[in-house]
Asks: 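Sharing a structure here in C-alpha cells format.
Quick caveat: nothing in here was measured; it's all calculated off a predicted structure. Start at 1 with the first residue, then count along the sequence. Both backbone and side-chain heavy atoms feed into the values below; hydrogens, waters and symmetry mates do not.
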Amino acid sequence: MMRQPSTFSELYRWHNAAMAGKNPPVHDGEPQCGYFKRRMIKGGPWVPVRIFVEREIDPETGELASDEVLCIEVEGIRKDDPADQWTYLKPISRAEFNHLTDYRLRDTRMMDPYRPIDLSEQPTPPQGVF
C-alpha cells in the first residue's frame, strides 16, 4: 500500500478555518499547521510562530519515504515540540506573520521577547518610513 503525503489543504484545514472566523476547537496536545503569534511573557511583544510538516517524498513514486513530522519555529528558531507551545498561540494570516517578522527586525524594542514593552511610551514610526 502506497503512503500518500498529506495535501496542503489537509495540513492547513484548521488554520484556514480559523482565518475564516469559524473558531475551530483547540485541543491540548494536538497542534495544527499554520501561522501564529504569541507573547513569551505578559506585556511582551508579539512573537511570530510557524507550525509546519517536514517529510521526505520519493521523487519517482510520490510516496512518503518517511513519516510526516510536525515542526515548530518560534521567532525563526526551531523548537522541540509544537505541543508545548500550541495552547499559547493565536492564529494569524501569512501576511501578518511576514509583517510581524519584518517589524521585529526594524524596531529594537521588539527584539527581546522576555521584556515587557509599552509601545505608547514612544511612538512607532509609520510603516515604510525609516
Side-chain angles (χ1 to χ4, degrees):
M1 181 177 188
M2 194 167 165
R3 295 185 329 143
Q4 293 294 319
S6 300
T7 65
F8 183 85
S9 295
E10 291 168 338
L11 292 173
Y12 288 85
R13 181 175 290 128
W14 186 94
H15 188 260
N16 289 337
M19 292 294 89
K22 295 182 180 175
N23 200 21
V26 174
H27 299 293
D28 192 28
E30 294 181 22
Q32 303 293 321
C33 290
Y35 298 94
F36 306 91
K37 66 181 179 180
R38 71 160 291 186
R39 295 183 195 272
M40 303 308 280
I41 63 165
K42 183 177 180 177
W46 287 109
V47 172
V49 179
R50 177 175 76 111
I51 297 178
F52 59 98
V53 166
E54 279 189 347
R55 58 195 174 185
E56 186 178 338
I57 300 173
D58 185 308
E60 293 179 20
T61 65
E63 180 180 8
L64 279 173
S66 63
D67 292 337
E68 293 180 321
V69 178
L70 209 54
C71 303
I72 187 168
E73 287 180 353
V74 179
E75 291 188 288
I77 300 169
R78 184 91 172 247
K79 300 291 183 179
D80 290 332
D81 186 5
D84 291 343
Q85 305 276 331
W86 175 238
T87 55
Y88 300 103
L89 304 180
K90 178 178 175 26
I92 60 175
S93 69
R94 184 173 184 174
E96 185 176 350
F97 173 87
N98 291 338
H99 171 74
L100 180 58
T101 300
D102 178 60
Y103 183 70
R104 290 179 50 75
L105 296 173
R106 289 187 284 117
D107 190 334
T108 57
R109 296 171 294 169
M110 306 284 280
M111 294 302 290
D112 184 356
Y114 295 99
R115 186 172 144 232
I117 60 171
D118 182 359
L119 293 175
S120 66
E121 291 176 358
Q122 179 181 352
T124 303
Q127 294 180 7
V129 176
F130 299 101

Asks: Considering all heavy atoms of both residues, which atom of Ile41 and which atom of Pro113 are nearest to each other, and what is their separation?
Replies: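 Taking Ile41 first and Pro113 second, the nearest heavy atoms are CG1-O, 3.8 Å.
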Asks: Can you list every pair that meets side chain to side chain donor-acceptor pair (under 3.5 Å) and has a residue in residues 72-82, with sequence neighbours left out?
Replies: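 For residues 72-82, and leaving out neighbouring residues, the side chain to side chain donor-acceptor pair (under 3.5 Å) pairs sorted by first residue read Arg50-Glu73, Glu54-Arg78, Glu75-Arg104.
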Asks: Could you tell me which residues satisfy side-chain hydrogen bond (donor to acceptor under 3.5 Å, both in side chains) with Ser6, sequence neighbours excluded, listed by chain and number?
Replies: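 side-chain hydrogen bond (donor to acceptor under 3.5 Å, both in side chains) list for Ser6, sorted by chain: Glu68.
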Asks: Could you work out, with side-chain contact (heavy atoms from CB on, under 4.5 Å) as the rule, every residue matching Glu56, not counting sequence neighbours?
Replies: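 side-chain contact (heavy atoms from CB on, under 4.5 Å) list for Glu56, sorted by chain: Ala65, Ser66.
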Asks: Determine whether a donor-acceptor pair (N or O, by modelled atom type, separation under 3.5 Å) exists between the side chain of Asp67 and the backbone of Val69.
Replies: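 Not a single qualifying donor-acceptor pair exists.
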Asks: With a cutoff of under 4.5 Å between side-chain heavy atoms, which Ile, Leu, Val, Met, Phe, Trp and Tyr residues group with Leu100?
Replies: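 ILVMFWY cluster around Leu100 also holds Trp46.
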Asks: Who else is in the cluster with Tyr88 when I, L, V, M, F, W and Y are joined by side-chain contacts under 4.5 Å?
Replies: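 Joined to Tyr88, directly or through intermediates: none.
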Asks: If Ile, Leu, Val, Met, Phe, Trp and Tyr residues are connected whenever their side-chain heavy atoms lie under 4.5 Å apart, and connections chain through other members, are Met40 and Ile72 in the same group?
Replies: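 Same hydrophobic cluster.
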Asks: The criterion is side-chain contact (heavy atoms from CB on, under 4.5 Å); which residues satisfy it with Asp58, sequence neighbours excluded?
Replies: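 Glu60, Thr61.
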Asks: Is Tyr103 reachable from Ile117 through a run of I, L, V, M, F, W or Y residues, each pair having side-chain heavy atoms under 4.5 Å apart?
Replies: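 Same cluster.
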Asks: By side-chain contact (heavy atoms from CB on, under 4.5 Å), which residues pair with Thr7, not counting sequence neighbours?
Replies: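 By the side-chain contact (heavy atoms from CB on, under 4.5 Å) rule, Thr7 matches Ser9, Glu10.
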Asks: Just distance, no hydrogens or angles: give the donor-acceptor pairs under 3.5 Å from side chains in residues 16-37, sequence neighbours left out.
Replies:
unit_1	atom_1	unit_2	atom_2	d
Asn16	ND2	Tyr12	O	3.3
Gln32	NE2	Glu30	O	3.3
Lys37	NZ	Glu96	OE2	3.2

Asks: Return each pair, listed once, that meets ring-ring contact (aromatic ring centres under 6.0 Å, His included) where at least one residue sits in residues 49-73; pairs must be two or more places apart or across chains.
Replies: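 Applying ring-ring contact (aromatic ring centres under 6.0 Å, His included) to every pair that reaches into residues 49-73, excluding sequence neighbours, yields nothing.
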